[in-house]
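Side-chain atoms are counted along with the backbone in the values below, which use heavy atoms only and exclude waters and symmetry mates.
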Amino acid sequence: KEMGVIHQGKLLAKTSPKEAIIELKGKIWETEMTDEELKSLSHPVVKLSDRYNSENKLVNRIFAEAQYSETLVPVAAKLEDFYFLTIKKA
């Protein structure tokens, strides 16, 4: 089975859910770093989403090729990560 990512009437990606997750494996991270701190990293990262944790702290979910900071915690990729990354790259 395949899925597509459509944004503003354009098909941006077409792949299987399994392949989408495989493509992001090892590249999704969570951190409590601020947006300013993320921008100051030596390598570019893409902020995918954010949420508040149980301690009411803002946690950013990001895409990065590697762990550019010790504060980046590896997490399992989700389909929404693929969606947000595809939209942000468009």
Side-chain angles (χ1 to χ4, degrees):
K1 295 184 179 188
E2 288 192 332
M3 64 176 207
V5 175
I6 299 172
H7 182 64
Q8 297 180 341
K10 295 181 182 178
L11 179 64
L12 301 179
K14 184 177 175 185
T15 188
S16 72
K18 182 178 179 179
E19 287 299 317
I21 297 297
I22 289 171
E23 183 179 323
L24 298 179
K25 188 174 182 175
K27 298 178 182 178
I28 303 298
W29 314 85
E30 287 190 348
T31 183
E32 292 179 6
M33 294 174 75
T34 65
D35 289 347
E36 293 77 27
E37 290 171 324
L38 289 172
K39 289 176 187 173
S40 72
L41 290 173
S42 60
H43 294 82
V45 300
V46 178
K47 180 177 173 179
L48 302 173
S49 61
D50 56 33
R51 64 175 174 79
Y52 284 94
N53 65 15
S54 60
E55 298 167 358
N56 206 31
K57 292 183 179 178
L58 188 64
V59 177
N60 288 305
R61 192 169 178 97
I62 65 165
F63 169 86
E65 293 290 334
Q67 188 176 16
Y68 300 128
S69 168
E70 291 179 5
T71 64
L72 300 182
V73 178
V75 293
K78 299 178 183 179
L79 284 178
E80 54 260 36
D81 297 323
F82 181 82
Y83 171 80
F84 288 128
L85 182 63
T86 302
I87 296 297
K88 291 188 182 248
K89 284 183 171 181

Practice item. Please report the shortest heavy-atom distance between Ala66 and Leu72, naming the atom on each side. Key: O-CD1, 4.2 Å

Review point. Does anything in residues 42-51 pair up under salt bridge (charged side-chain N to carboxylate O under 4.0 Å, His left out), and if so which pairs, sequence neighbours excluded?
Key: Glu30-Arg51, Asp35-Lys47, Lys47-Asp50

Practice item. Check Glu19 against Thr15 and note the closest heavy-atom contact, atom names and distance. Key: CB-OG1, 3.2 Å

Review point. What closest approach, in Å, do Ala64 and Val45 show between heavy atoms, and which atom pair accounts for it?
Key: CB-CG1, 3.6 Å

Practice item. Decide whether Phe63 and Ile87 are clustered together by the hydrophobic rule: side chain heavy atoms of Ile, Leu, Val, Met, Phe, Trp, Tyr closer than 4.5 Å, transitively. Key: yes

Point to revise | Spacing of CG belonging to Leu48 relative to CD1 belonging to Ile62, to within rounding of 0.5 Å | key: 8.0 Å

Study note, to complete from the structure: When every non-hydrogen atom of Val59 is compared with those of Glu32, the smallest separation belongs to CG2-CG, 4.2 Å

Please report, to 0.1 Å, the donor-acceptor pairs under 3.5 Å made by any side chain of residues 1-11, with sequence neighbours excluded.
none

**Study point:** 4.5 Å side-chain heavy-atom contact, Val75 and Trp29
**Key:** no

Revision key, fill the gap. Of all heavy-atom pairs linking Pro44 and Tyr68, the shortest is O-CE1, 3.9 Å

Practice item. Report yes if the side chains of Leu41 and Met33 come closer than 4.5 Å at any heavy-atom pair, otherwise no. Key: yes

**Study point:** Donor-acceptor under 3.5 Å (Thr71 side chain, Thr31 main chain)
**Key:** no

Study note, to complete from the structure: Residues pairing under side-chain hydrogen bond (donor to acceptor under 3.5 Å, both in side chains) where one sits in residues 79-90, two or more places apart or in two chains, turn out to be Arg61-Asp81

Review point. If two hydrophobic side chains count as joined below 4.5 Å and joins carry through other members, does Leu12 share a cluster with Phe82?
Key: yes

Check your understanding: Roughly how far, to the nearest 0.5 Å, is the CD atom of Glu23 from the CG atom of Leu85?
Key -> 7.5 Å

